[in-house]
There are 2 protein chains.
Amino acid sequence: MSLPHAILTALLEKPSSGLELTRRFDRSIGYFWSATHQQIYRELGRLEADGLIRTLPAEQPARGQKKSYEVLPAGRAELARWTAASQDPKPLRDVLLLRLRAAAVVGTAGLDSDLRRHLDLHRRQLAEYEAIERRDFPPDRDSPEDRLRHLVLRAGIDLETFWTQWLTHALKEFAELSAAEG
Amino acid sequence: MSLPHAILTALLEKPSSGLELTRRFDRSIGYFWSATHQQIYRELGRLEADGLIRTLPAEQPARGQKKSYEVLPAGRAELARWTAASQDPKPLRDVLLLRLRAAAVVGTAGLDSDLRRHLDLHRRQLAEYEAIERRDFPPDRDSPEDRLRHLVLRAGIDLETFWTQWLTHALKEFAELSAAEG
DNA sequence: ACGTGTTTTGCAACTAGTTGCATAAACTCT
DNA sequence: AGAGTTTATGCAACTAGTTGCAAAACACGT
């Protein structure tokens with residue numbers, strides 16, 4: 001149950017319409033909590049029904065017509081409560097690792113091209129994060145908010161770094177294994 | 001759609017009953033693809049209906065009575081197909097990072113005790129993985145299967161290492177932030 | 001004013017995972 | 001033999017995320 005809180009966070013940073021939120025979920029917030037526009041609209045409806053957000057008064061609501069939302073005090077309170085509440089980390093769930101484990105049983109045929117593709121994707125993502133870091137977090141800016149956001153970005157950078165290194169290592173192992181077979 | 005393939009892998013490693021599978025999902029396989037016993041039983045039923053596995057002939061099936069499964073050739077073929085098929089990596093989805101981002105807006109009050117708790121959990125998991133590595137992967141053993149399985153375990157170790165380091169860093173930031181406030 | 005494409009919103013159906021509970025057999029203790 | 005516990009299997013309802021599709025408004029050229 002995190003999507004509503006992701007939306008509340010995004011709306012507190014800046015009141016937005018569904019489409020604007022969707023765009024922002026494709027960049028910043030979506031880097032660690034992705035959501036489709038369908039999810040977002042559905043959730044906006046629920047949040048409004050629950051009295052946590054409201055449409056900005058300026059516009060009349062109609063289908064196909066831009067409608068912006070802002071967070072109500074109850075929404076901010078709920079987000080603060082959720083943020084502070086203890087939550088267990090979710091166990092890792094990764095298809096690629098599963099495929100490797102399966103490959104130990106049924107063979108590695110055809111796997112390494114996809115490994116290479118993943119390596120490429122992770123390298124791109126890493127480059128994107130690093131560009132954001134250079135752009136948004138120059139050494140001088142360090143308000144508390146900036147430091148927290150930088151910390152989150154840092155996690156993204158380190159995770160992508162891990163994947164690129166691990167995939168590089170995996171590909172090397174693959175090369176050695178197939179060389180050994182002949 | 002990875003649970004059936006996780007089960008096929010586990011059953012190829014060793015034919016098992018639902019409960020035995022559940023136990024193994026709590027250890028090895030479950031470290032990167034967790035599943036409850038309910039999920040497993042449901043999926044075993046589907047796999048059998050699809051002709052990918054069958055109950056070992058020895059035992060007659062009855063509720064509350066042990067029933068072991070083995071993989072049929074069609075199941076092995078399906079697993080090989082799935083392993084080789086290209087799949088996109090899933091975008092990261094992490095509640096803790098989201099909470100940190102929210103904290104940048106609503107404040108960090110109450111968060112750091114949970115950060116400490118997570119750090120502890122990740123340290124334990126790391127220690128567990130390292131113990132498995134010492135036990136199951138001594139330097140001499142390196143059949144192709146062992147090397148692949150070791151690679152997977154290595155990913156687990158490196159990920160847990162990342163989290164412990166990142167959380168340690170995050171806690172330091174928190175300390176500095178609250179010191180700055182007074 | 002009219003068709004065509006784009007923006008913005010949204011519903012409905014589907015898939016996968018989670019939670020709660022049930023039922024039967026087997027074992028254990030008296 | 002009977003009561004209570006553990007083992008093993010499983011159904012049903014719920015929750016969250018995904019996929020497919022479409023309607024209403026708007027924008028633009030003709």
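Just the heavy atoms: all of them, side chains too, but no hydrogens, waters or symmetry mates, feed the values below. Worth saying up front: this structure is predicted, and the values here are computed from it rather than measured.
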Exercise. Atom CD of B/Glu20 and atom P of D/dA8: how far apart are they, to the nearest Å?
Worked result: 8 Å
For this session: May I have the distance from B/Arg23 (atom CZ) to D/dA8 (atom C1'), rounded to whole angstrom?
Result: 9 Å
Exercise. Does A/Asp50 come within less than 4.0 Å of A/Arg46, counting only side-chain N to carboxylate O?
Worked result: no
For this session: Could you tell me whether B/Asp112 and B/Arg116 make a salt bridge, using a distance below 4.0 angstrom between a side-chain N and a carboxylate O?
Result: yes
For this session: Whole angstrom is fine here: how far is it from CG in A/Asp26 over to P in C/dT7?
Result: 14 Å
Problem set entry | Distance in angstrom units between A/Leu21 CG and C/dG10 C1', rounded | 15 Å
For this session: Begin with the C-alpha distance, continue with both residues' side-chain angles, and end with the deciding distance and a verdict on side-chain hydrogen bond (donor to acceptor under 3.5 Å, both in side chains) for A/Glu133 and A/His150.
Result: CA-CA 8 Å; A/Glu133 187 177 42; A/His150 193 176; 2.8 Å; yes
For this session: Could you give me the CA-CA distance, side-chain angles and deciding distance for B/Arg123 and B/Glu128, then say whether salt bridge (Lys or Arg N to Asp or Glu O under 4.0 Å) is met?
Result: CA-CA 9 Å; B/Arg123 279 191 178 135; B/Glu128 193 172 330; over 6 Å; no
For this session: Send over the distance from B/Leu19 CG to C/dA25 C1', rounded to a whole Å.
Result: 13 Å
Problem set entry | Annotated protein contacts, base or backbone, on nucleotides 14-19 of chain D with a non-hydrogen cut-off under 4.0 Å, one of B, S, - each | --SBBB
For this session: State whether A/Asp94 and B/Lys90 are salt-bridged, where the test is any N-O pair (Lys NZ or Arg NE/NH1/NH2 against Asp/Glu carboxylate O) under 4.0 Å.
Result: no
Exercise. Separation of B/Ile40 atom CD1 from D/dC11 atom C1', in whole Å?
Worked result: 16 Å
Exercise. Could you give all pairs that pass the ring-ring contact (aromatic ring centres under 6.0 Å, His included) test and reach residues 86-114 of chain B, with sequence neighbours left out?
Worked result: none
For this session: With heavy atoms under 4.0 Å as the rule, sort B/Ser17 into base, sugar-phosphate or nothing.
Result: sugar-phosphate
